[in-house]
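Protein chains get the first letters and strands the later ones, always in sequence-line order, with residue 1 at the start of each.
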2 protein chains.
Amino acid sequence: MGVSLKDVAQRAGVSIKTVSNVVNNYPHVTPQMRARVQQAIDELGYRPNLTARHLRKGRTGIIAFAVPELGNPYFAELAGAVIDAAAVHDYTVLVDHTAGLREREVLVSQEFRAHVIDGLILSPIHLENEDLLARQESSPLVLLGEREYEAPYDQIAIDNVAAARTAVRHLLDLGRRRIAFLGSRTSRERRPAHLRLRGWREEHAAAGLRPDENLVVATEGYGRADGAAAMAELLERGERPDAVFAYNDLIALGAMRTLTERGLEVPADVAVVGFDDIEESRYGAVTLTTVSPDKPAIARLAVDRLVERLAGGTLSEPQRIRPGYRLIVRESTRTRRTGA
Amino acid sequence: MGVSLKDVAQRAGVSIKTVSNVVNNYPHVTPQMRARVQQAIDELGYRPNLTARHLRKGRTGIIAFAVPELGNPYFAELAGAVIDAAAVHDYTVLVDHTAGLREREVLVSQEFRAHVIDGLILSPIHLENEDLLARQESSPLVLLGEREYEAPYDQIAIDNVAAARTAVRHLLDLGRRRIAFLGSRTSRERRPAHLRLRGWREEHAAAGLRPDENLVVATEGYGRADGAAAMAELLERGERPDAVFAYNDLIALGAMRTLTERGLEVPADVAVVGFDDIEESRYGAVTLTTVSPDKPAIARLAVDRLVERLAGGTLSEPQRIRPGYRLIVRESTRTRRTGA
DNA sequence: GTGAAAGCGCTAACAT
DNA sequence: ATGTTAGCGCTTTCAC
């Protein structure tokens with residue numbers, strides 16, 4: 001094994017405690033003693049064993065961040081933001097992905113590296129409320145994402161219904177009346193939350209319109225391929241929307257690809273709005289209008305919340321925190337054809 | 001604190017060792033004893049403290065994966081593959097990013113969570129050979145990425161020169177003769193490896209051509225914005241390439257955006273080839289021809305190599321391993337204009 | 001097949 | 001200001 005405190009102490013001819021004091025920058029150490037110990041440390045190439053420190057302290061300084069899919073740029077960008085936010089508090093981040101499978105989400109929330117991680121930030125897709133209520137683990141958990149739960153955990157998520165309504169409003173203002181919704185969930189679910197779909201319905205209703213439910217297309221997943229397939233399905237059914245509101249940017253991007261292939265123009269024939277504002281949206285041949293959640297804020301809020309609970313200070317009630325968002329209008333909805 | 005082995009032992013009226021045996025599936029335990037202990041475990045909700053186990057065993061089952069930027073889909077996709085490959089061996093992955101800064105790369109390679117991670121997979125950008133030679137840390141390190149080092153560590157990377165030559169060959173075969181290279185490094189470097197740029201030069205030479213060095217554009221970073229800016233710079237200098245070979249897909253995508261904005265058509269006016277084969281390349285309005293490294297293979301080889309060294313079996317010499325790659329031809333080079 | 005006890009490397013009380 | 005010691009929770013000889 002490596003060099004331990006004991007070895008250094010022996011070398012420097014002092015006690016373990018003194019070495020520990022030096023290593024931990026304990027103030028009451030005479031400069032000459034510090035120098036002597038430091039020399040021994042350098043000579044031996046001593047490096048503290050963090051595992052031992054963790055065991056002793058009961059904390060590791062590691063938090064976990066679990067997302068459905070790192071291949072989805074939204075989550076990758078968010079992961080980057082979480083790592084940065086955690087670094088501010090000297091926390092390191094263990095990243096895992098669940099493929100959005102309920103089973104794996106449950107597993108992660110229950111016992112992921114127990115005692116190795118101090119806390120968990122989880123962005124679930126198929127996790128159910130009952131799974132959370134059945135959770136044994138005592139370490140803090142912060143939830144991210146579209147779904148809302150009735151469980152005693154902090155949840156960080158933008159107001160998805162309102163954000164979706166803003167997006168649909170924008171399309172309605174453009175004069176579009178056949179607005180498709182791409183990306184509703186296909187799997188059987190107890191609480192079909194579908195916040196963004198609900199926003200689509202509500203905004204139509206608010207405008208005194210009845211949306212055509214035939215324009216709602218479910219997808220298996222949330223990737224570009226799913227969006228492309230959904231769009232193709234819609235067109236093959238003979239539907240001709242004049243706008244698309246997608247569950248997320250990837251689906252929107254996939255849909256745009258299908259539109260291009262079929263010779264339909266964006267936005268002239270079909271206007272498209274996505275959700276997430278991944279960087280890719282700003283660089284396509286036609287840039288994508290999208291709902292942009294404040295990712296750094298989400299990451300910061302989640303980490304801060306977790307760190308706060310870990311510090312164990314005044315433990316406030318679990319909160320539902322709503323970071324900001326903006327609709328970013330780009331070429332995919334920038335058209336002359338305007339008004340109702 | 002939580003429930004420990006001792007608590008369970010007390011509850012079940014047995015010794016710690018017996019509980020440990022049950023927890024670790026030690027074979028020589030009578031079924032009834034196992035049942036009795038298991039019951040105590042369930043009743044108390046016991047969960048092994050991995051930190052303690054780690055300290056005792058000297059291993060944690062955690063490996064780190066450090067990339068420049070998780071926001072780059074190539075690294076995000078690779079990270080996903082690494083996580084999956086590690087899971088096969090029951091390893092968990094700590095993901096970190098370095099922003100490609102030499103200082104942070106050195107820090108990570110030297111002392112990242114010492115004793116917490118069993119090994120490290122690092123994809124450096126500005127790390128120097130001397131940094132590696134000065135490395136103190138004894139845990140295994142596997143290097144990924146374009147740069148090649150003369151240091152005793154395993155390196156997993158496709159043959160970048162050959163891959164670049166394949167890409168340039170493809171453009172030459174299309175009849176293109178003014179092939180720009182976007183994304184050479186801008187920072188001062190001791191060993192200007194530039195493997196992909198070298199491939200660009202060599203393939204021209206092999207075809208008896210002298211490439212125009214004015215068509216080489218350095219970029220600050222490796223993102224879409226850098227590609228867009230590089231392309232703009234080239235055009236503003238009055239250069240009119242008929243093809244672009246970009247250091248990676250993001251730069252290629254950014255360049256394509258600039259071309260579109262200036263009314264130039266891809267591939268008719270300018271053919272474009274990227275590098276990495278990120279999923280995005282398959283879904284733009286014009287899909288991108290690109291060099292596709294075998295990402296799952298890279299991840300698997302890196303993890304296997306690391307795990308092998310951790311197992312400490314027959315320690316072979318550090319190797320330079322070359323995973324496969326393919327040139328994937330898509331719309332950005334699919335043109336009628338062919339031949340020399 | 002099961003129990004007792006040592007010790008992984010560290011921190012924190014307590015003692016000096 | 002520095003030293004002594006117990007113990008975090010586990011695995012692992014070594015007895016029995």
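- Judged as a salt bridge (Lys or Arg N to Asp or Glu O under 4.0 Å), and not counting sequence neighbours, B:D84 has no contacts.
- Residue B:L5 has its side chain nearest to D:dC10 when only C:dT11, D:dC10, C:dG9 are considered.
- By the ring-ring contact (aromatic ring centres under 6.0 Å, His included) test, A:Y222 is found to be paired with A:Y247, residues two or more places apart in sequence or in another chain being considered.
- The nearest whole Å value for the distance from the CZ atom in B:R53 to the C1' atom in D:dC10 is 8 Å.
- A rotation axis mapping the C1' atoms of four pairs onto the next four is fitted at both ends of the helix from C:dG1-D:dC16 to C:dT16-D:dA1 over five pairs, and the angle between these axes is 40° to 10 degrees.
- In this model, the phosphate group of C:dT11 is approached by a side-chain N or O of A:N24 to a distance below 4.0 Å at OP1 or OP2.
- A:T30 pairs by the side chain to side chain contact (heavy atoms under 4.5 Å, CB included) definition with A:Q32, A:M33, not counting sequence neighbours.
- A search for salt bridge (Lys or Arg N to Asp or Glu O under 4.0 Å) contacts involving B:R59 returns B:D118, not counting sequence neighbours.
- In this structure, CG of A:N49 is placed 13 Å from C1' of D:dC8, rounded to the nearest angstrom.
- With sequence neighbours left out, the salt bridge (Lys or Arg N to Asp or Glu O under 4.0 Å) criterion links A:D154 to A:R305, A:R309.
- Rounded to a whole Å, the NZ atom of A:K57 is 11 Å from the P atom of C:dA13.
- For B:N21, the side chain to side chain contact (heavy atoms under 4.5 Å, CB included) criterion is met by B:K17, B:Y26, B:V29, not counting sequence neighbours.
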Report, one pair per line, the protein and nucleotides 2-4 of chain D atoms (nitrogen or oxygen only) whose separation is under 3.5 Å.
from	atom 1	to	atom 2	distance (Å)
D:dT2	OP1	A:T30	OG1	3.1
D:dT2	OP2	A:T30	N	3.2
D:dG3	OP2	A:S15	N	2.9
D:dG3	OP2	A:S15	OG	3.0
D:dG3	OP2	A:T18	OG1	2.2

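- For B:E77, the salt bridge (Lys or Arg N to Asp or Glu O under 4.0 Å) test picks out B:K295, with sequence neighbours left out.
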*Apply the test side-chain contact (heavy atoms from CB on, under 4.5 Å) to residues B:D304 and B:H89: give CA-CA distance (whole Å), side-chain angles for both, the deciding distance (0.1 Å), then the verdict.*
CA-CA 9 Å; B:D304 286 356; B:H89 300 277; 2.9 Å; yes
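- One atom, CZ of B:R56, and another, C1' of C:dG9, lie 12 Å apart when rounded to the nearest Å.
- One can place CD of A:Q10 at 13 Å from P of C:dG9, the figure rounded to the nearest angstrom.
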